[in-house]
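Heads up, the thing below is written out as structure tokens.
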Amino acid sequence: MKEYHYTGPVEHKFSPYAFNGGTVLAVAGEDFALVASDTRLSEGYSIHSRDSPKCYKLTDTTVIGCSGFHGDCLTLTKIIEARLKMYKHSNNKNMTSGAIAAMLSTILYGRRFFPYYVYNIIGGLDEEGRGAVYSFDPVGSYQRDTYKAGGSASAMLQPLLDNQIGFKNMENVEQVPLSLEKAVQLVKDVFISAAERDVYTGDALKICIITKEGVREEIVPLRKD
Amino acid sequence: MALSYVLEPAVSGFNFENSTRNIVLENGSEEGKIKAPKPMKTGTTIAGVVYKDGVVLGADTRATSDEVVADKMCAKIHYIAPNIYCCGAGTAADTEKTTDMLSSNLTIFSMNSGRNPRVVMAVNILQDMLFRYRGMIGAHLILGGVDCTGSHLYTVGPYGSIDKVPYLAMGSGKLPAMGILEDRFKGNMDLEEAKALVSDAIHAGIMSDLGSGNNIDLCVITKEGVDYIRPHRESIYNYKRQAKYKYKPGTTPVLTKTVNQLELELVHETVQMMETAGSS
């Protein structure tokens, strides 16, 4: 039971991490990829900012979404951008999505014993122009997926995506391949639902749509309360 | 004396038999750590204001369980007596049960004495009970009411402290709400002004605090009666989903089917005609 009248030396632990909330989602299609995130930055029960998107554009074919501790998100994206420039200068070409994913895995594992508290999801087009999604854990384990949700409302979004995109737990359903319009509409709907029930998700939704034409952005308002 | 048979102190308080076992379970070996289930808290904004003719109480309607919204339309303004209402913040079960018990006690008192209870009586009973439980009951309450001595607004804390004030906010959203109240409160406001003030204070809490949200409920208490406005202001955020997510019959796979015939004997038969005429 908690001691109410303890007198004597007390150890105060300083935690180097904070949890700033936010949800990210990425979906890969036949010739497109989507990376979406909400734009709320919070801490505890307060809001730091209503306009802090969590998707960062890396190249014309790759976007990364980072949620978790905002300090580590910023540092990690700076390091990735620096490494992209270094690669471009030494190899005279842009990094492919697969290469960025592999590099990120080693960067994260390099800090195995004081991790970056960031949940990353990379969305982009691979060398053949097909959509690719790579999802990571905070210490660098990654795999290629068709769709993945990360961040505070991930447990609410992932089952719906499993059902609507992966056609899991359903029978006698025509498995049509996912079109860009359907994917964008699905992403907007799941974020509206997530904002209803997760306090850390809300304010606005930013969707980055990656096609062979480049990266296009769409912003949709969400609940502000 | 009326109070001696109205209020019977409970014989056993909380049962602490399992506390040593729980400590062992929570701090056990790394693999065996088990987290205790967390009770649902209301993470709220509640406010109250005394105006010219009575009291206005306000509350938001979101109940959270850690970071998940458990109830989008929960009622935080509880009935205590015909002339006394109470807003509750803190642990949801604690505020519900405490206010229910208080309401029962005051009803018994009213029946015995033939009088409407006074607000001070409600406050003293609450203070007594919460102090006796040493803060284990997480109920942060704002009590407001109008009785024969006038309009009163009190706050009762979980450890049993009370404060009698003309305007007040409690809950996780109290700081933004107090900002609005401190700025615009003045004595002897009229009804519309008081309602607008409380509504704006709760709105500030809803926008700035993640634990508060959705709609705003108001309760206006005067010596003529009570106006419980639920909701006073609905949330403006009603973004509709663009697609309908419906499943045709046959989507869920049926793995096995067993039919158990019930052996029934027809004993008595009656027929009752349903009125199916008319529009439905």
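- Environment of OH in A:Tyr142: crowded, with over 12 heavy atoms of neighbouring residues, nucleotides or ligands closer than 6.0 Å.
- Summarising the geometry, atom OG belonging to A:Ser152 is positioned 6.0 Å from atom CD belonging to B:Glu67; distances are rounded to the nearest 0.5 Å.
- By the 6.0 Å contact criterion, NZ on B:Lys97 is open, its count of non-hydrogen atoms from other residues, nucleotides or ligands being 12 or less.
- At a threshold of 4.5 Å between non-hydrogen side-chain atoms, the residues A:Leu186 and B:Tyr245 count as touching.
- The distance from the CZ atom of B:Arg241 to the CD atom of A:Gln185 is 12.0 Å, given to the nearest 0.5 Å.
- The CG atom of B:Asp71 sits 7.5 Å away from atom CZ of A:Arg197, with the distance rounded to the nearest 0.5 Å.
- Counting only heavy atoms from C-beta outward, the side chains of A:Val199 and B:Val69 approach each other to under 4.5 Å.
- For A:Phe136, the CZ atom sits in a packed shell: over 12 heavy atoms of surrounding residues, nucleotides or ligands are nearer than 6.0 Å.
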**Request:** Just do the side-chain contact (heavy atoms from CB on, under 4.5 Å) check on B:Val68 and A:Met156 with the steps written out, would you?
**Result:** CA-CA 10 Å; B:Val68 178; A:Met156 294 183 198; 4.0 Å; yes
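- Across all their heavy atoms, A:Arg223 and B:Asn214 have their closest contact at NH2-ND2, 3.2 Å.
- Here the CG atom belonging to B:Leu175 is positioned 14.0 Å from the OH atom belonging to A:Tyr45, to the nearest 0.5 angstrom.
- Residue B:Ser235 touches chain A through its side chain alone, counting heavy-atom pairs closer than 4.5 Å.
- In this structure the side chain of B:Lys248 never reaches within 4.5 angstrom of the side chain of A:Met170, judged on heavy atoms.
- A:Glu196 CD to B:Tyr239 OH: the interatomic distance, rounded to the nearest 0.5 Å, is 10.5 Å.
- When heavy atoms are compared at a cutoff of 4.5 Å, A:Lys224 approaches chain B by way of both its backbone and its side chain.
- Applying the side-chain hydrogen bond (donor to acceptor under 3.5 Å, both in side chains) test to residues at least two apart or on different chains, the pairs with a partner in residues 196-209 of chain B are B:Ser172-B:Asp209, B:Arg184-B:Asp200, B:Ser199-B:Arg233, B:Asp200-B:Arg233, B:His203-B:Arg233, B:Asp209-B:Ser212.
- At a cut-off of 3.5 Å, with distance as the only test, a side-chain donor of A:Asn163 or B:Tyr247 sits close to an acceptor on the other residue.
- In A:Asn169, the CG atom is not crowded: 12 or fewer heavy atoms of neighbouring residues, nucleotides or ligands sit closer than 6.0 Å.
- Of the inter-residue distances, the one linking A:Asp225 atom CG with B:Leu210 atom CG reads 9.5 Å to the nearest 0.5 angstrom.
- There is no contact between A:Thr201 and chain B, counting heavy-atom distances below 4.5 Å.
- The closest side-chain heavy-atom distance from A:Val173 to B:Thr251 is below 4.5 Å.
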